[in-house]
K.L.:
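Questions regarding the structure given below will be posed in turn.
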Amino acid sequence: MDHLELVNKAIDGDEDSFALLIQERREHIYRMAFTYVNNQDDALEIVQETVYRAFISVHKLKQAQYFNTWLTKIGVNCAIDYLRKKKKVVYVEQVQEASYVQHSREDKMVLYEALGQLDEKSKTVLMLRYFEDRSIKDIADLLDTPVSTVKSIIYRGLEKLKLNLGERELLE
Amino acid sequence: MNKEIHPLKQAYYDIEIPKELAQAVQSGMERGRIQRKRMRTIKRWTTRIGVSTAVLFILLTLTVNTMPAFASSLKSIPGIGKLVQVLQFHNGSASGGSLQGAANIRHIQLEKEGAQESVILHFSEGSKPQKTASLFHVKISSYPSMMTFSMDARRFTAIDELKMLEQSQYIEDAYQIISMDDSLIRFNVVFNEAVKYEIKEYEEPAQVVITLQPMSTADLTQKPSMYSLRTVSAPYGESQGLFEEVLSDREGKRILKDEEGMFLVEAGLFHTRAEAEKSLQDIEEQLGMAKQFVIEERAFSQVPATIMASEN
């Protein structure tokens with residue numbers, strides 16, 4: 001069965017189709033979540049929340065071809081909500097997280113530190129653009145932000161990370 | 001892709017996928033399933049309430065909501081949140097609130113101000129006051145005049161405070177009725193006469209406020225008795241849930257407490273005994289359950305009588 005057919009069945013309430021669609025995307029959701037929280041437990045919790053929110057609102061999805069974009073949007077929102085909630089509650093844990101990070105694999109730390117320099121929105125935009133390979137237009141839709149703003153977020157984000165990707169030409 | 005971002009992308013794809021991921025997805029779907037079921041149950045309560053001729057007649061004679069007289073209400077009560085809406089009733093039904101987490105109906109408060117009284121429902125989620133009221137549905141019915149609340153909530157710590165509502169000059173009784181769904185809490189508020197009412201929803205903190213005023217005497221015309229087709233009395237329990245389920249296509253069905261504190265399920269109210277008997281025949285034909293049902297003549301503000309099953 002092709003992707004669109006699955007999405008349409010999921011919209012009509014078919015749980016098996018929904019499960020298959022999630023299975024295709026679950027690792028992506030997990031990686032995105034992990035990028036925000038940098039630990040497994042929190043990332044898993046975000047995945048769970050994302051699946052839950054998607055499950056109860058999939059019937060409202062109007063255009064089947066945007067399922068993955070829609071799901072990504074839910075995932076990003078869940079992650080950001082999660083961070084906000086967490087910030088309000090515990091500070092002690094953040095210290096523990098940091099020490100955990102130092103023991104984890106080096107490449108993880110590179111990623112975390114690099115993206116850690118950015119605010120949430122810039123982090124989201126760069127992650128979607130360069131790790132998830134989303135188009136700028138897609139990101140603009142996903143974040144309900146004008147294309148021009150997305151471009152300038154990318155530009156400033158890359159500058160901050162001191163990365164030069166030749167993206168400047170693209171942005172002009 | 002430029003060289004410099006490559007290590008970051010590599011690190012991103014090196015993020016280890018834990019074996020617990022499948023379980024997290026499962027749990028999310030399971031929560032979704034439960035939530036879908038709750039939404040369906042509540043929807044059933046908000047849509048199945050209908051317009052049998054008897055019900056319509058009752059509604060026309062019962063009450064009027066949203067009176068200008070209510071406009072200044074509640075100004076003097078401290079701790080009231082921001083007004084979300086004044087509930088609009090259609091065919092005696094109205095809904096408010098929105099889906100919340102594991103809500104608790106925490107506290108019920110009765111405020112009196114001259115002839116006007118307000119019943120205030122407070123909610124909490126965990127240990128905190130809830131911001132937005134849980135999804136709820138109210139149905140108005142008559143013989144006796146009452147409101148049936150169905151709320152998307154898990155806990156009802158204010159249950160003992162229902163009893164306290166009898167201190168109201170308008171409220172005859174308030175009691176919980178059984179719910180076969182553990183995330184749906186239901187209760188009836190029975191009035192001792194026809195009242196004017198208004199229901200408002202507030203947020204931050206979430207509250208539902210029922211304001212009651214006396215009917216002007218001009219509205220209190222003599223109402224003829226009606227004929228209730230109902231089950232025999234039984235103690236509070238699942239039997240009401242089961243009868244309600246088998247009567248699910250009957251729009252006027254409701255659970256009531258009788259004069260001795262037993263419970264019954266009413267299938268419908270009729271103007272004449274003949275209509276009630278015809279409906280009883282239908283029940284016999286469709287369900288073969290005529291023995292469990294009786295026809296009771298009831299005056300406008302009369303609480304149902306206790307009628308036990310006959311021995312044979």
Side-chain angles (χ1 to χ4, degrees), chain A residues 13 15-16 18-19 21-23 25-35 38-41 43-59 74 78 104-115 126-127 129-133 157-158 161-167, chain B residues 1-44 46-47 97-103 124-132 134-135 152 154 181 183-184 204:
Chain A
E15 291 184 10
D16 293 340
F18 181 83
L21 290 165
I22 294 292
Q23 198 169 345
R25 299 297 302 172
R26 66 184 189 194
E27 298 191 357
H28 287 268
I29 306 170
Y30 178 80
R31 284 199 181 91
M32 290 192 322
F34 193 96
T35 307
N38 203 43
N39 80 76
Q40 179 178 316
D41 289 348
L44 285 172
E45 205 155 310
I46 293 167
V47 172
Q48 192 198 114
E49 183 66 21
T50 305
V51 172
Y52 166 73
R53 287 195 203 171
F55 189 90
I56 60 167
S57 54
V58 66
H59 63 281
I74 294 177
C78 283
S104 69
R105 285 169 48 191
E106 203 176 306
D107 54 357
K108 263 190 212 167
M109 213 177 83
V110 171
L111 178 71
Y112 188 64
E113 283 188 349
L115 295 180
L126 291 192
M127 173 185 71
R129 180 74 192 93
Y130 296 108
F131 304 161
E132 290 287 331
D133 294 323
L158 292 177
L161 295 184
K162 302 197 169 52
L163 291 172
N164 182 356
L165 302 176
E167 185 85 346
Chain B
M1 179 63 57
N2 186 285
K3 269 183 209 156
E4 289 175 80
I5 203 154
H6 181 72
L8 288 184
K9 188 170 184 175
Q10 193 54 50
Y12 184 77
Y13 281 93
D14 282 348
I15 291 172
E16 223 168 285
I17 301 298
K19 58 180 190 312
E20 292 90 341
L21 180 59
Q23 183 53 47
V25 168
Q26 274 305 320
S27 309
M29 282 192 61
E30 192 45 45
R31 277 174 58 208
R33 259 182 224 119
I34 293 169
Q35 188 62 22
R36 262 193 197 170
K37 205 179 134 221
R38 291 164 76 188
M39 288 196 276
R40 270 201 296 269
T41 314
I42 289 168
K43 210 169 160 199
R44 203 164 67 208
T46 50
T47 51
S98 58
L99 280 168
Q100 305 292 316
S124 62
E125 197 176 351
S127 58
K128 279 186 264 169
Q130 199 165 299
K131 274 175 112 173
T132 312
S134 296
L135 190 60
D152 178 39
R154 293 293 172 92
D181 178 337
S183 60
L184 190 70
E204 291 177 32

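Throughout, protein chains are lettered first and strands after them, A, B, ... in sequence-line order, and every chain is numbered starting at 1.
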K.L.:
For a quick test of reading the model, state the closest non-hydrogen atom pair linking Leu44(A) to Ala24(B) and the distance between them.
P.N.:
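Heavy-atom minimum between the residues: O-CB, 3.7 Å.
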K.L.:
Chain B heavy atoms under 4.5 Å from Ala43(A): which part of the residue, side chain, backbone, both or neither?
P.N.:
neither
K.L.:
Is it possible for you to check whether Arg36(B) lies under 6.0 Å from the centre of the six-membered ring of Phe55(A), through NZ or CZ, and within 45° of that ring's axis?
P.N.:
yes
K.L.:
Heavy atoms only: give me the nearest Tyr12(B)-Glu132(A) pair and the separation to one decimal.
P.N.:
OH-OE2, 2.8 Å
K.L.:
Please determine whether a side-chain nitrogen of the Lys or Arg among Arg31(B) and Glu49(A) lies less than 4.0 Å from a carboxylate oxygen of the Asp or Glu.
P.N.:
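Here Arg31(B) pairs with Glu49(A) in a salt bridge, since their nearest N and O are under 4.0 Å apart.
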K.L.:
Taking side chain as everything from C-beta outward and backbone as N, CA, C, O, which of these in Met127(A) sits under 4.5 Å from a heavy atom of chain B? Side chain, backbone, both or neither.
P.N.:
side chain
K.L.:
With a 4.5 angstrom heavy-atom cut-off, could you sort out which part of Glu45(A) is near chain B: side chain, backbone, both or neither?
P.N.:
neither
K.L.:
Given that the side chain runs from C-beta out, which part of Gln23(A) has a heavy atom under 4.5 Å from chain B: side chain, backbone, both or neither?
P.N.:
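For Gln23(A), neither part sits under 4.5 Å from chain B.
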